Number of protein chains: 2
Amino acid sequence: MEPNVIQSSPIEAAVPQPQPAIGVAVDIVILTVVDGRLRVLLSLRPTEPFKGYWSLPGGFVGQHESSDTAAERELQAKTGVGGIYLEQLYTFSEPLRDPRSRVIAVAYYALVSADRLPNQAGSRESRWFDVSAILDDPPPAGNPAEDIQLGFDHELILRTARDRIRGKLEYVPIGFQLLPERFTLTELQHVYEAILGHGIDKRNFRTKVLRSGLVRESDEYRKGKHRPARLYEFKQRTF
Amino acid sequence: MEPNVIQSSPIEAAVPQPQPAIGVAVDIVILTVVDGRLRVLLSLRPTEPFKGYWSLPGGFVGQHESSDTAAERELQAKTGVGGIYLEQLYTFSEPLRDPRSRVIAVAYYALVSADRLPNQAGSRESRWFDVSAILDDPPPAGNPAEDIQLGFDHELILRTARDRIRGKLEYVPIGFQLLPERFTLTELQHVYEAILGHGIDKRNFRTKVLRSGLVRESDEYRKGKHRPARLYEFKQRTF
DNA sequence: TCAAAAGTGTTTTTATTACACCCATGA
DNA sequence: TCATGGGTGTAATAAAAACACTTTTGA
């Protein structure tokens, strides 16, 4: 840690902060599921470098805040809503990742349910993209094969985020953050399928969810064109 | 991320690096298992703050290196050996975590087998400590209850590292890094028990390891006071 | 009445757990 | 010969996977 003397170079010992400045930023992978696909919020870069590329939203960490706080601030600014599930992902620190100057990025991922988003359509400078269309080639069948190139190392960050939530899905109740307070089991299954990138057996999924004890059935139903589906809610909104 | 314009504060847009300096350091949780106990390498702080406290080894990230490289350098310097298993853990960034100045720490953990360590005993300024004695109170029976207080937020970092490898142990072949190239199954079991903090059934453990396919038996035996034990080796030293 | 999504059980297979005795060695 | 750690198998239980048809609704 910073206050330690590097034993083999005692000259540095007396100088606590001899290093040249390194910028510290946060980058946020903001994810949602719409229409059964995992989507990420990207910003259009207005200036060089990577002008015209899409990139992850982010910002610098202030002198008197933690990276968590900086990420929350940025997340609120970009989505317009607060209280979103947010977790640190990984720190990216290759010296040349930003061509202008030395900046390390503490990356976060956020999971937000589509119903909380005011601007689902997106705007000129900020839009939702299909994660699979960016990361998987060839893109899965039926995908709009818009060939997105992300600026900086943001494709790596995005891939790291997807890998992380895929792994986490198997042993912690992620996924509820991507749904409204009440949801049908089919909606929950679609979230799982969107994250995992493959289909799941309906009966096995329902059995497993119901006897996990994480979910409570309500007496409400979602009406649609077809048979109404029972709504459930997550027992513990906090982890 | 750093190059993004914060949409809600366009003034910052034109100034890529307007933030005051934040120091970037690496802290390393160097772990080994000796005598069936998980141990961590700590350095004695020679100066304020936290003078006389034990703390995790670490150092600043240089201007032209990644945090991975900085961590490798520091690890080599502290252990005297190279090629050690090293992985990024988490980034700690509370503004007041270092009382002198603003420094964030990208924490790493390293796993090294005891047989590779030249200075197992330790020295005046650097020693191995029982992790459980630091983190668990009351310490498990038979523990030297030396009440270690770590400087900075290093107890939190150490706890985070132990939690991480406990979780990882269940689904990836960690643990081999903590053993010599050839090892007995009992030695492997002791590593697992040291990390998990509880005993494991011998027969179930051996069955599971053998049919995991991760291990190959050699025709060598370890001789000791009692019946010789067959030596095994890990099939893939790389992941 | 038809299209579309909701809902429901059983069997097979695979992994996990619990559990106790004999073996080989050096002292 | 005895103390010590090495080594082995089976039965019970629990979890995961495969698999197809009936129900309800709105159009």
Side-chain angles (χ1 to χ4, degrees), chain A residues 33-37 114 142 166-173 175 179-180 182-233, chain B residues 33-37 114 142 166-173 175 179-180 182-233:
Chain A
V33 173
V34 181
D35 297 335
R37 303 199 105 87
R166 277 183 177 174
K168 240 181 147 159
L169 196 58
E170 294 179 1
Y171 61 99
V172 285
L179 289 169
R182 294 192 161 183
F183 50 85
T184 71
L185 293 185
T186 299
E187 286 166 354
L188 181 60
Q189 182 173 347
H190 286 157
V191 165
Y192 271 68
E193 291 174 334
I195 293 174
L196 294 173
H198 62 77
I200 309 173
D201 180 272
K202 181 163 62 158
R203 280 171 292 188
N204 291 341
F205 179 78
R206 295 165 91 93
T207 309
K208 197 169 164 183
V209 168
L210 289 176
R211 54 190 298 263
S212 74
L214 292 169
V215 115
R216 176 186 355 196
E217 73 171 31
S218 77
D219 45 6
E220 232 186 303
Y221 288 82
R222 169 146 311 150
K223 285 177 195 147
K225 302 194 187 91
H226 307 291
R227 174 174 175 177
R230 183 183 284 277
L231 293 176
Y232 292 80
E233 53 192 36
Chain B
V33 172
V34 180
D35 297 335
R37 304 198 103 88
R166 279 183 176 175
K168 240 179 148 160
L169 197 58
E170 295 180 359
Y171 62 100
V172 286
L179 289 168
R182 295 191 161 184
F183 49 86
T184 70
L185 293 185
T186 299
E187 286 166 353
L188 182 59
Q189 180 173 348
H190 285 157
V191 166
Y192 271 67
E193 291 173 334
I195 293 174
L196 293 174
H198 61 78
I200 309 174
D201 180 273
K202 181 163 61 160
R203 278 171 294 186
N204 291 340
F205 179 77
R206 295 167 91 93
T207 308
K208 197 168 166 183
V209 169
L210 289 176
R211 56 190 299 263
S212 74
L214 291 168
V215 115
R216 176 186 356 192
E217 72 171 33
S218 77
D219 44 6
E220 233 186 302
Y221 289 81
R222 170 145 311 151
K223 285 175 194 147
K225 302 192 188 89
H226 307 292
R227 175 175 175 177
R230 184 184 285 277
L231 293 177
Y232 292 80
E233 53 192 34

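Labels below follow one simple rule: chain letters A, B, ... track the order of the sequence lines, proteins then strands, and each chain is numbered from 1. These numbers were taken from a predicted model, which means no experiment stands behind them.
A:T186 pairs by the side-chain contact (heavy atoms from CB on, under 4.5 Å) definition with A:T184, A:H190, A:R206, not counting sequence neighbours. When the side-chain contact (heavy atoms from CB on, under 4.5 Å) test is applied to A:N204, the partners found at least two apart in sequence or on another chain are A:D201. Under the side-chain contact (heavy atoms from CB on, under 4.5 Å) criterion, B:T207 pairs with B:R211, not counting sequence neighbours. A:I200 meets the side-chain contact (heavy atoms from CB on, under 4.5 Å) test with A:Q189, A:Y192, A:E193, A:L196, A:F205; sequence neighbours excluded. Scored by the salt bridge (charged side-chain N to carboxylate O under 4.0 Å, His left out) test, B:K168 finds B:E87 as partners (sequence neighbours excluded).
Here the closest heavy-atom approach between residue A:A194 and residue A:G36 is recorded as CB-O, 3.5 Å. Pairing each heavy atom of A:V33 with each of A:A114, the nearest pair is O-CB, 3.7 Å.
The stretch residues 218-228 of chain A comes close to DNA chain C through A:H226, A:R227, A:P228, each having a heavy atom under 4.0 Å from the strand.
The stretch residues 221-232 of chain A participates, sequence neighbours left out, in these salt bridge (Lys or Arg N to Asp or Glu O under 4.0 Å) pairs: A:E187-A:R222, A:E217-A:R230.
Atom CZ of A:R230 is separated from atom C1' of C:dT8 by 13 Å (rounded to the nearest Å).
With a 4.5 Å cut-off on side-chain heavy atoms, A:L214 and A:V209 do not count as touching. In this structure, the side chains of B:Y232 and B:L179 stay at 4.5 Å or more apart for every pair of heavy atoms.
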Nucleotide N/O to protein N/O under 3.5 Å, stretch nucleotides 9-16 of chain C:
{"from": "C:dA15", "atom 1": "OP2", "to": "B:R211", "atom 2": "NH2", "distance (Å)": "3.4"}

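If you check every strand for non-hydrogen atoms under 4.0 Å, B:R206 touches a base. The residue B:T184 sits apart from the nucleic acid: no heavy atom pair falls under 4.0 Å.
Close approach of DNA chain D to chain B, defined as any atom under 4.0 Å from a non-hydrogen atom of the protein, starts and stops at D:dT4 to D:dG9.
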